[in-house]
Amino acid sequence: MLAKAVEQDDGVSLTTTDHEGRRLVTEVEHVIAATGFVPDVERLTLLAPELRDRITTRLGSPVLSRDFEASTPGLYFAGLAAASTFGPVMRFVHGADFAARRIAHHIVRRTPRVRVPASRPAGFLEPGTSSQR
């Protein structure tokens, strides 16, 4: 576990601890860090438990269609939650454009077109009628 990172003149000094509490200091030129976070639909408590139960998952991640839709119609996942279906690029901002366009296109395709009748402004006269009484 990373305990400390200190910038030095030509790099970084990293202090890590192992599971027994032993410390190891390593001096390096570059650091690439990752959180090790793993998506898990069950931890998404903002979704009702009944909804979480209806989402098909694989190792905690939602199984998504080609349009990022979960097994529950109308529910979409992007970002890290989509990485197990679409690959690691979804973990980064770079993948957001593709995901957003695909999701938006899918929503537009499946939304029925509704014709809204044109409203007439107050005082509008039908053709052939007179404003004189």
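Atom set for the values below is all heavy atoms of this structure, side chains included, hydrogens, waters and symmetry mates excluded. Keep in mind it's a predicted model, so treat the numbers as computed, not measured.
- Closest heavy-atom contact between Gly95 and Met90: O-CE, 3.7 Å.
- Across all their heavy atoms, Thr17 and Ala3 have their closest contact at CG2-CB, 4.1 Å.
- Placement of Val38 and Leu44 in two distinct hydrophobic clusters is found when ILVMFWY residues are connected by side-chain heavy-atom separations under 4.5 Å, directly or transitively.
- Shortest non-hydrogen contact noted between Ile103 and Ala78 is CD1-CB, 4.3 Å.
- Here the side chain of Thr56 pairs no donor or acceptor atom with the backbone of Ser71 at under 3.5 angstrom.
- Connectivity analysis of hydrophobic side chains (ILVMFWY, heavy atoms under 4.5 Å, direct or indirect) links Val63 to nothing; its cluster partners are none.
- Legend: residues meeting ring-ring contact (aromatic ring centres under 6.0 Å, His included) with His106, ordered by chain and number and at least two apart, are Tyr76.
- A salt bridge (Lys or Arg N to Asp or Glu O under 4.0 Å) check over residues 43-65, counting only residues at least two apart or in different chains, returns the pairs Glu42-Arg52.
- With side-chain heavy atoms closer than 4.5 Å counting as contact, directly or through intermediates, the hydrophobic cluster containing Leu2 also holds Val12, Leu14, Val28, Val31.
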Side chain to side chain contact (heavy atoms under 4.5 Å, CB included), that's the test. Do Phe98 and Val89 meet it? Break it down for me. CA-CA 10 Å; Phe98 174 77; Val89 74; over 6 Å; no
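- For the residue pair Phe86 and Ser65, the shortest heavy atom distance occurs at CZ-O, 3.3 Å.
- Ile55 and Leu80 are members of different hydrophobic clusters when ILVMFWY side chains are connected at heavy-atom separations under 4.5 Å.
- Under the 4.5 Å side-chain heavy-atom criterion for grouping Ile, Leu, Val, Met, Phe, Trp and Tyr, Leu46 is connected to Leu75 within one hydrophobic cluster.
- Heavy-atom minimum distance, Gln8 versus Ser13: NE2-CB, 3.3 Å.
- A salt bridge (Lys or Arg N to Asp or Glu O under 4.0 Å) check over residues 82-104, counting only residues at least two apart or in different chains, returns the pairs Asp97-Arg101.
- Residue pairs satisfying the salt bridge (Lys or Arg N to Asp or Glu O under 4.0 Å) criterion with at least one member in residues 79-89, sequence neighbours excluded, are absent.
- Looking at Thr57, its side chain never comes within 3.5 Å of a backbone N or O of Leu59 through a donor-acceptor pair.
- At a threshold of 4.0 Å, the pair Asp67-Arg109 counts as salt-bridged, since one of the basic side-chain nitrogens sits closer than that to a carboxylate oxygen.
- Annotation: the span from Thr72 atom OG1 to Leu51 atom CG amounts to 5.0 Å, rounded to 0.5 Å.
- Taking both residues in full, the closest heavy atoms of Ser84 and Ala81 are given as OG-O, 4.4 Å, listed atom of the first, atom of the second, then distance.
- To the nearest 0.5 Å, the span separating CG on Asp10 from CD on Glu29 amounts to 7.0 Å.
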